[in-house]
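Letters A, B, ... are given to chains in the order of the sequence lines, protein chains preceding strands, and every chain is numbered from 1. For clarity, every value in this text was computed on a predicted model and none was experimentally measured.
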Amino acid sequence: MVTQVYIRDVPSHVGREVSIKGWLYNKTHKGRLWFLLVRDGTGVIQSVLFKGNVAADVFEAAESLTQESSLQITGTVRRDKRAPGGYELDATGMEVVQIARSYPISPKEHGTSFLMDHRHLWLRSSRQHAILRIRHRLIKAARDFFDGRGFVLVDTPILTPVACEGTTNLFPVKYFDTPAYLSQSGQLYSEASCMAFGKVYCFGPTFRAEKSKTRRHLMEFWMVEPEVAYADLDDIMVLAEEFVSYLVAEALREGGEELSILGRDTGPLEKVTPPFPRLTYAEAFDLLEQEGSETPRGADLGGTDETIVSSRFDRPVMVHRYPAAVKGFYMEPDPENPDLALCMDMLAPEGYGEIIGGSQRIHDYDLLMERVREHDLPVEPFSWYLDLRKYGSVPHSGFGLGIERVLSWICGIPHVRETIPFPRMLHRLFP
RNA sequence: UCCUCAGUAGCUCAAUUGGCAGAGCGUCCGGCUGUUAACCGGAGGGUUGUAGGUUCGAGUCCUACCUGAGGAGCCA
């Protein structure tokens with residue numbers, strides 16, 4: 001009986017006959033030799049078919065194989081320096097499951113648009129495989145971090161009756177006969193759950209109907225949002241830097257192989273340890289003026305401004321205390337200067353920009369009500385949110401981290417679109 | 001929504017001043033016992049994004065539209 005193994009485990013079966021179920025990644029031949037590159041989702045291995053060693057029909061079948069044909073191949077595991085990866089299968093038999101039709105993605109170069117049209121197939125390529133494996137580990141690391149610190153995962157709804165910040169960038173849906181929106185943040189609900197559990201986080205898809213067409217925007221992305229009762233801005237800045245350091249450390253520890261497939265220079269990532277530099281908004285602008293930025297003081301930082309600021313440091317930098325006027329209605333004003341909000345953005349180095357946005361939330365009922373009115377928000381849908389300030393209200397803070405932005409930074413890839421299996425972008429809803 | 005650039009074979013791209021529609025890869029056929037994006041020989045493959053216009057003649061120039069890429073604003 002031949003043992004069936006996954007390619008990842010092949011090195012521990014040297015000298016034994018094993019069987020692999022997978023797909024043909026590529027093939028080449030030299031006379032009476034066939035070299036088949038077979039992948040099975042755990043790795044890729046070369047299998048060698050010599051005409052004299054296999055049945056005539058098996059050798060002929062090898063000839064008929066097309067890229068991505070599914071097959072089961074049996075052979076003896078052998079160490080060989082000539083084989084990619086150092087191990088190969090000296091084939092003794094092969095069963096074809098299906099001969100694939102002409103596969104659109106060749107091992108040669110393709111344009112982004114073409115590849116995105118074939119995203120369902122592109123996922124099979126080694127580069128996409130590496131990115132999505134790191135994504136898997138990053139998500140696990142995020143959950144491990146909070147779980148290990150006593151946080152409770154409390155899910156927040158995706159169908160919501162009202163906007164969290166602004167209304168222009170929401171996806172409207174019909175909830176039977178009432179209008180509803182896809183969630184653009186779990187924050188408001190997490191504020192409720194943190195008053196129940198103390199420390200909570202939510203992790204789920206987030207929808208923003210912003211007509212943004214840049215390398216850092218998706219219409220649908222995944223966000224981790226911790227929310228902590230009795231925490232102030234300084235507390236969550238410490239939490240944020242420890243969190244991001246943990247994510248990077250885990251990616252380096254678990255994803256070395258994938259990062260090297262992606263050609264990522266891990267040097268800059270190894271420097272990502274606490275503490276991260278902290279800059280007030282005013283200090284960030286002092287720096288920007290030195291560099292000749294034309295962004296007026298009082299405005300939010302633009303993308304190029306973020307790059308200028310973050311390029312001054314070798315680890316992520318936290319810019320805090322922005323003018324309240326450009327930030328969310330729920331942010332606690334700075335007691336030292338009420339025109340400023342107790343908020344912070346974390347900017348990733350190497351030009352990647354904002355990966356975290358967070359703040360201390362208003363806990364005073366009257367002040368929050370005032371802000372709701374100032375922002376022309378409807379009071380009734382926010383009544384439950386205002387209720388939280390009536391029953392044992394305490395200072396609390398939280399932040400949101402965009403998984404795809406962190407992933408593209410860690411992987412060193414220029415655009416977030418490859419960091420999610422099926423990206424939803426401006427004018428792309430297919431496949 | 002605005003700005004810039006692009007659209008030619010299945011894919012990636014050439015095509016000089018407006019003058020015969022081309023190459024590489026993939027596909028198909030043949031050759032080779034160590035290939036690594038193999039190599040060598042041969043074959044097939046086209047409504048040049050769409051619609052109109054200028055011209056003896058348009059892939060090339062003009063107009064509109066469609067699609068894509070990069071960026072801005074906004075954000076994680």
Side-chain angles (χ1 to χ4, degrees), chain A residues 25-37 44-53 59 63-64 66-68 78 80-86 88 90 100-118 125-126 164-166 168-169 184-187 203 205-225 240 244 295 299-306 322 326-328 344-348 352-358 399-409 414-417 419-420 425-428 430:
Chain A
Y25 199 58
N26 203 356
K27 70 169 182 178
T28 182
H29 64 117
K30 170 109 182 162
R32 285 178 290 171
L33 273 177
W34 273 105
F35 299 95
L36 307 181
L37 276 175
V44 178
I45 192 168
Q46 172 169 282
S47 179
V48 186
L49 275 83
F50 177 49
K51 195 167 188 173
N53 291 356
F59 193 79
E63 215 168 310
S64 70
T66 53
Q67 191 185 350
E68 287 302 318
R78 182 167 63 196
D80 194 312
K81 281 179 186 168
R82 293 169 296 187
E88 67 180 16
D90 189 9
R101 290 155 207 234
S102 181
Y103 192 66
I105 302 177
S106 71
K108 297 284 180 175
E109 58 195 320
H110 296 286
T112 305
S113 177
F114 174 83
L115 289 168
M116 275 301 170
D117 284 340
H118 297 84
S125 71
S126 62
C164 166
E165 349 180 328
T168 52
N169 48 19
Q184 62 178 348
S185 168
Q187 180 203 317
F203 175 59
T206 303
F207 307 88
R208 304 261 170 104
E210 293 157 6
K211 295 203 170 172
S212 301
K213 195 171 161 51
T214 77
R215 67 185 65 202
R216 52 174 66 151
H217 281 90
L218 294 167
M219 304 303 107
E220 178 185 309
F221 64 98
W222 287 67
M223 188 155 67
V224 188
E225 296 173 276
V244 169
T295 307
D300 211 343
L301 266 59
T304 48
D305 297 325
E306 290 182 356
Y322 284 66
V326 298
K327 289 292 179 177
M344 66 94 174
D345 282 355
M346 186 188 289
L347 310 178
Y352 280 90
E354 187 174 352
I355 52 172
I356 280 181
F399 63 81
L401 172 140
I403 286 288
E404 289 79 11
R405 285 190 179 174
V406 173
L407 189 55
S408 61
W409 163 47
H415 202 298
V416 292
R417 65 188 159 210
T419 61
I420 187 166
M425 294 182 291
L426 194 60
H427 306 135
R428 178 173 288 284
F430 178 91

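When heavy atoms are screened at a 4.0 angstrom cut-off, A:Pro104 is found touching no nucleic acid atom at all. Within the nucleic acid shown, A:Glu88 comes within 4.0 Å of at least one base atom, counting heavy atoms only. Using a 4.0 Å heavy-atom distance criterion, A:Glu63 is classed as making no nucleic acid contact. Counting non-hydrogen atoms under 4.0 angstrom, A:Leu218 reaches a base of the nucleic acid. Across all strands, A:Asp80 comes closer than 4.0 Å to base atoms (heavy-atom distances). Across all strands, A:Gly111 comes closer than 4.0 Å only to sugar-phosphate atoms, never to a base (heavy-atom distances). As judged by a 4.0 angstrom heavy-atom cut-off over every strand, A:Gln46 is placed among the base-contacting residues.
Of the P atoms belonging to B:G24 and B:C39, the separation is 12 Å, rounded to the nearest Å. Taking the C1' atoms as reference points, B:G71 lies 25 Å from B:U12, given to the whole Å. Comparing B:U63 with B:C20, their C1' atoms are spaced 29 Å from each other, to the whole Å. Nucleotides B:C65 and B:G7 place their C1' atoms 14 Å apart, quoted to the nearest Å. B:U47 and B:G57: their P atoms are spaced 23 Å apart (whole Å). Rounded to whole Å, the C1' atom of B:U17 lies 32 Å from the corresponding atom of B:C11. With P as the reference atom, B:A9 and B:G45 are 15 Å apart, rounded to whole Å. Across B:A69 and B:U60, the matching C1' atoms stand 22 Å from one another, rounded to whole Å.
Atom OH of A:Tyr352 is separated from atom CG of A:Leu347 by 14.5 Å, given to the nearest 0.5 angstrom. Of the inter-residue distances, the one linking A:Phe221 atom CZ with A:Gln184 atom CD reads 9.0 Å to the nearest 0.5 angstrom. Atom OG1 in A:Thr112 sits 11.0 Å away from atom CG in A:Asp117 (nearest 0.5 Å). In this structure, CZ in A:Phe35 is found 10.5 Å from NE2 in A:His29, a value given to the nearest 0.5 Å.
In this pair, A:Phe221 lays its aromatic ring flat on the base of B:A76, centres within 5.5 Å and planes under 30 degrees apart.
In terms of heavy atoms, A:Leu218 sits closest to A:Met425 at CD2-CG, 3.8 Å. The minimum heavy-atom distance linking A:Ile403 with A:Phe203 is given by the pair CG1-CE1, 3.5 Å. Between A:Gly353 and A:Glu306, the closest heavy-atom pair is CA-OE1, 3.5 Å. What you find for A:Ile356 and A:Ala240 is that their closest heavy atoms are CD1-CB, 4.1 Å.
In this structure, A:Arg82 places its CZ atom 5 Å from C1' of B:G34, rounding to the nearest Å. The CZ atom of A:Arg216 sits 13 Å away from the P atom of B:C75 (whole-angstrom rounding). Straight-line distance from the CD atom of A:Glu210 to the C1' atom of B:U1: 14 Å, rounded to whole Å. Following rounding to the nearest Å, A:Met219 (CE) and B:C75 (P) show an atom-to-atom distance of 14 Å. Distance, A:Lys211 NZ to B:U1 P: 5 Å, rounded to whole Å. As rounded to whole Å, 8 Å separates atom C1' of B:A76 from atom NE2 of A:His217.
Using a 4.0 Å cut-off, some side-chain N or O of A:Lys30 falls inside it from OP1 or OP2 of B:G34.
Between A:His110 and A:Phe114, the ring-plane angle classifies as parallel under the 30° and 60° cut-offs.
At least one donor-acceptor pair closer than 3.5 Å links the side chain of A:Arg405 to the backbone N or O of A:Glu354. Looking only at distances, no side-chain donor or acceptor of A:Lys51 sits under 3.5 Å from a matching main-chain atom of A:Gly31. Between the side chain of A:Gln187 and the backbone N or O of A:Gly358, no donor-acceptor pair lies under 3.5 Å.
A 4.5 Å side-chain heavy-atom check between A:Thr66 and A:Tyr103 finds every atom pair outside the cut-off.
You'll find that the side chain of A:Met223 is closest to B:A76, out of B:A76, B:G31, B:G70. The A:Phe114 side chain lies nearest to B:C11 when the options are B:G34, B:G71, B:C11. Candidate nucleotides B:A37, B:G34, B:G26 were compared by shortest atom distance to the side chain of A:Val48, and B:G34 ranks first.
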Interface polar pairs with nucleotides 4-9 of chain B, N/O, under 3.5 angstrom:
none

Check nucleotides 44-50 of chain B for protein N or O atoms closer than 3.5 Å to its own N or O atoms and list the pairs.
none

Please write out the pairs of protein N or O atoms and N or O atoms of nucleotides 67-69 of chain B separated by less than 3.5 Å, giving the distance to one decimal.
unit_1	atom_1	unit_2	atom_2	d
B:G68	OP1	A:His427	O	3.3
B:A69	OP2	A:Lys213	NZ	3.2

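In this structure, the side-chain contact (heavy atoms from CB on, under 4.5 Å) partners of A:Thr419, at least two apart in sequence or on a different chain, are A:Ile131, A:Glu404, A:Leu407, A:Ser408, A:Ile413, A:Val416. With sequence neighbours excluded, the residues satisfying side-chain contact (heavy atoms from CB on, under 4.5 Å) with A:Thr214 are A:Arg216, A:His217.
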According to the Watson-Crick and G-U wobble definition with distances under 3.5 Å, which dot-bracket string, read 5' to 3', encodes RNA chain B, using [ ] for crossing pairs and | for pairs with another strand?
(((((((..((((.....[..)))).(((((.......))))).....(((((..]....))))))))))))....
For A:Glu225 and A:Ser185: C-alpha separation, side-chain torsions, deciding distance, then whether side chain to side chain donor-acceptor pair (under 3.5 Å) applies.
CA-CA 8 Å; A:Glu225 296 173 276; A:Ser185 168; 2.8 Å; yes
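Judged by closest nucleotide on RNA chain B, A:Ser102 is the one of A:Lys27 and A:Ser102 placed further toward the 5' end. Along RNA chain B, the nucleotide closest to A:His110 and the one closest to A:Thr66 are compared, and the more 5′ of them pairs with A:His110.
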